[in-house]
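The structure under discussion appears below in the form of structure tokens.
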Amino acid sequence: FFATGTYETAEPGLLKAGWPALLRRRKEWAAEQAPVVLPDGAPTADEWDPYIRRLEWGLYRFEALTNAAQLQEEGEAMQHCVGTYPEFCRSGLRRIYSVRERKSGRRVATFALEYAHYGDGMLEWIYDQISGLKNASIEQPELICAADALLRAYLELPEQRFVKPV
């Protein structure tokens, strides 16, 4: 949906297919996509490509944290350990977002996605965690829905776009 703005219809056989068949089809589709060339202004050595810099959904805005200083600032403001994650982000294993209220800009949470490795060599972005101030649990349905929208946006990107984790 995010790439074209239209919903795709599934082939009738896919509705009965199991997960291995669906994952194989996704991998085949990703291989057919053209590689993405990074524009001018690509990340520097201390900055990583967030793939999606900003997403607004409902009452919330997700702002990518793209370097160690931003992670440190977020960790201090939210009083949790996200400031210790730059190596995970540089390596390609995680992408982290500061979640803010759209109107006020007030920080409400920190959201992390993880590039998970499956036994068959497949890599896929998954939900890692979403934490509020001092690692408080986030239970607002609107915020969980917004975080899911960001994850779905990552899943819509072509696989060649991502740096393989080191």
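As the structure is a computational prediction, the values presented were derived from the model and not from experiment.
Between Val108 and Arg100, every side-chain heavy-atom pair lies at or beyond the 4.5 Å cut-off. By the 4.5 Å heavy-atom criterion applied to side chains, Arg102 and Glu56 are counted as neighbours.
Nearest heavy atoms, Leu133 versus Ala77: CD1-O, 3.6 Å. When all heavy atoms of Trp57 and Arg152 are compared, the closest pair comes out as CZ2-NH2, 4.2 Å. Among all heavy-atom pairs drawn from Ala153 and Ile52, the shortest one is CB-CD1, 3.5 Å. Minimum interatomic distance between Ile138 and Ile130 (heavy atoms only, all atoms of both residues): CG1-O, 3.9 Å. Minimum heavy-atom separation, Arg94 to Asp128: NE-OD2, 2.8 Å. Across all non-hydrogen atoms, the minimal contact from Arg95 to Gly92 is NH1-CA, 4.0 Å.
For the salt bridge (charged side-chain N to carboxylate O under 4.0 Å, His left out) test with Arg107, the passing option among Glu101, Glu73, Glu63 is Glu73; the others fail. Put simply, the residue from Glu76, Gln70, Glu74 that forms a side-chain hydrogen bond (donor to acceptor under 3.5 Å, both in side chains) with Gln72 is Glu76. Applying the ring pair (Phe, Tyr, Trp, His ring centres under 6.0 Å) test between Tyr115 and each of Trp125, Tyr51, Tyr154 identifies Trp125 as the sole match.
A distance of 13.0 Å separates CD of Gln79 from OG of Ser131, quoted to the nearest 0.5 Å. For the atom pair OH of Tyr97 and CG of Leu150, the computed distance is 5.0 Å after rounding to the nearest 0.5 Å. For the atom pair CG of Asp49 and SG of Cys89, the computed distance is 12.0 Å after rounding to the nearest 0.5 Å. Here CD of Glu47 is found 4.0 Å from OG1 of Thr66. Values are rounded to the nearest 0.5 Å.
By the salt bridge (Lys or Arg N to Asp or Glu O under 4.0 Å) test, Glu114 pairs with no residue at all, sequence neighbours left out.
A side-chain donor-acceptor contact under 3.5 Å links Trp48 to the backbone of Leu65.
Taking a 6.0 Å sphere around OH of Tyr85, one finds it holds more than 12 heavy atoms contributed by other residues, nucleotides or ligands.
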Take His80 and Lys134 through the side-chain contact (heavy atoms from CB on, under 4.5 Å) test and state the conclusion after the steps.
CA-CA 5 Å; His80 54 53; Lys134 298 181 181 179; over 6 Å; no
Go through the steps to decide whether Leu113 and Ile126 satisfy the test side-chain contact (heavy atoms from CB on, under 4.5 Å), and finish with yes or no.
CA-CA 6 Å; Leu113 295 168; Ile126 62 170; over 6 Å; no
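Salt bridge status for Asp46 with Arg90: present, with a side-chain N to carboxylate O gap under 4.0 Å.
With hydrophobic clusters built from ILVMFWY side chains whose heavy atoms lie under 4.5 angstrom apart, Met78 does not share a cluster with Ile96.
Using the six-membered ring where Trp is involved, Tyr127 and Phe111 have ring planes that are tilted, between 30° and 60° apart.
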